[in-house]
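Let me begin by presenting the structure, written as structure tokens, before commenting on it.
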Amino acid sequence: MTQPPHTAPPRPLSPAMDKTFKIGIVLKGLDGVLEIAGGLLLLFLSPHAIEHLARALTAHELSEDPHDLVARYLIHTSSHLTTSTTLFGAIYLLSHGIAKVVLVALVLRDKLWAYPWLIVLLLAFIGYQLYRITAVHFSAGLTALTVFDVALVWLTWREYRSKKAQRHQPTHITAA
């Protein structure tokens, strides 16, 4: 009696790649937590309160360097906020943050179906970020975030394929 052809088990990801994936996923989850916190602040603080907070947080820096680019940008931006812009920002940050945190938590719990959803979410972010970089305003920070997201999509895809292959491995029972 001939045995069915045996396919080689999938090669597991290298420990370094696995660790890189986990670090990247945790960082994306922390990013989601920060977005939720920022969204909640925008939701519950008035534009005037945000401007006051920006002035208080940058006062020391501006006293040392009145031309500090970041501090001046924060004050300028906060002085132009309206209720509708803060509401839009709150909804934007809360929806992105909650989606990231939920999908990251599910991926960290090895829910196989969550991997493709995380990839789709990240690809949507990448698409929007590329639009912002190319059509609106180039930003080195947004470019770095986009590169990080592309790497995380690739790592998530590798991890998904590896876990899916491991779950579909046939178990062999040998007869004595």
Side-chain angles (χ1 to χ4, degrees), residues 18-111 113-157 159:
D18 191 46
K19 191 172 198 169
T20 302
F21 168 73
K22 286 182 180 161
I23 290 170
I25 287 293
V26 167
L27 288 174
K28 190 52 73 175
L30 291 174
D31 176 48
V33 168
L34 290 175
E35 285 182 342
I36 292 169
L40 289 172
L41 283 174
L42 288 177
L43 193 60
F44 293 110
L45 293 179
S46 70
H48 183 318
I50 294 170
E51 181 182 6
H52 181 72
L53 183 61
R55 289 188 184 285
L57 292 174
T58 58
H60 178 72
E61 185 59 36
L62 287 173
S63 70
E64 290 180 2
D65 179 9
H67 302 290
D68 184 281
L69 208 58
V70 174
R72 290 172 52 91
Y73 176 77
L74 285 172
I75 297 223
H76 172 76
T77 302
S78 67
S79 68
H80 290 86
L81 291 176
T82 65
T83 302
S84 62
T85 58
T86 56
L87 180 60
F88 173 80
I91 292 167
Y92 179 87
L93 289 173
L94 287 169
S95 62
H96 280 197
I98 291 168
K100 284 179 192 174
V101 167
V102 167
L103 286 172
V104 163
L106 291 168
V107 164
L108 289 173
R109 290 185 173 174
D110 275 340
K111 301 297 182 191
W113 60 267
Y115 286 74
W117 283 103
L118 180 61
I119 291 169
V120 167
L121 180 72
L122 291 172
L123 288 173
F125 291 158
I126 291 167
Y128 178 72
Q129 290 160 195
L130 288 173
Y131 162 74
R132 297 274 310 172
I133 291 166
T134 59
V136 177
H137 176 70
F138 175 79
S139 162
L142 192 56
T143 302
L145 177 63
T146 303
V147 169
F148 174 78
D149 284 347
V150 167
L152 194 55
V153 164
W154 180 72
L155 288 167
T156 304
W157 176 249
E159 190 79 14

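The structure displayed is predicted, hence computed values, not measured ones.
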Atom pair [atom1] ([X]) and [atom2] ([Y]), whose distance is rounded to the nearest 0.5 Å:
{"X": "Tyr128", "Y": "Leu142", "atom1": "OH", "atom2": "CG", "value": "8.5 Å"}
{"X": "Arg72", "Y": "Asp65", "atom1": "CZ", "atom2": "CG", "value": "9.5 Å"}
{"X": "Tyr73", "Y": "Leu69", "atom1": "OH", "atom2": "CG", "value": "10.0 Å"}
{"X": "Leu145", "Y": "Lys28", "atom1": "CG", "atom2": "NZ", "value": "5.0 Å"}
{"X": "Leu123", "Y": "Trp157", "atom1": "CG", "atom2": "CH2", "value": "11.0 Å"}
{"X": "Ile98", "Y": "Glu35", "atom1": "CD1", "atom2": "CD", "value": "10.5 Å"}

Would you name the heavy atoms of [X] and [Y] that are closest together and state the gap between them?
{"X": "Tyr115", "Y": "Val107", "answer": "OH-O, 3.5 Å"}
{"X": "Gly38", "Y": "Leu93", "answer": "C-CD1, 3.9 Å"}
{"X": "Pro116", "Y": "Trp113", "answer": "CD-O, 3.3 Å"}
{"X": "Glu51", "Y": "Ser79", "answer": "OE2-CB, 3.5 Å"}
{"X": "Leu94", "Y": "Ile36", "answer": "CD2-O, 3.6 Å"}
{"X": "Thr156", "Y": "Leu152", "answer": "OG1-O, 2.6 Å"}

Side-chain donor/acceptor of Thr77 to backbone N/O of Leu74, under 3.5 Å: no

Test item: Thr134 side-chain N/O and Leu130 main-chain N/O as donor-acceptor pair under 3.5 Å: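 The answer is yes, because a donor-acceptor pair under 3.5 Å joins these two groups.
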
Check against side-chain contact (heavy atoms from CB on, under 4.5 Å), Leu62 and Ile75: CA-CA 10 Å; Leu62 287 173; Ile75 297 223; 3.8 Å; yes

From CA spacing to verdict: side-chain contact (heavy atoms from CB on, under 4.5 Å), Leu34, Leu30: CA-CA 6 Å; Leu34 290 175; Leu30 291 174; 5.7 Å; no

Heavy-atom side-chain proximity of Trp117 to Leu106 below 4.5 angstrom: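 Not touching, per the 4.5 Å side-chain cut-off.
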
Thr83 and Ser46, any side-chain heavy atoms less than 4.5 Å apart: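 No. Closest side-chain heavy atoms not under 4.5 Å.
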
Short N-O contact, Asp18 and Lys22, less than 4.0 angstrom: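 Between Lys22 and Asp18 there is a salt bridge, with a charged N closer than 4.0 Å to a carboxylate O.
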
Single hit among Val104, Thr20, Leu103 for side-chain contact (heavy atoms from CB on, under 4.5 Å) with Ile25: Val104

Mutual orientation of the aromatic rings belonging to Phe125 and His96 [parallel < 30°, tilted 30-60°, perpendicular > 60°]: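 Phe125 vs His96 ring planes: tilted.
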
Stepwise side-chain contact (heavy atoms from CB on, under 4.5 Å) check, Ile23 with Lys19: CA-CA 6 Å; Ile23 290 170; Lys19 191 172 198 169; 4.0 Å; yes

Worked check of side-chain contact (heavy atoms from CB on, under 4.5 Å) between Thr86 and Leu45: CA-CA 9 Å; Thr86 56; Leu45 293 179; over 6 Å; no

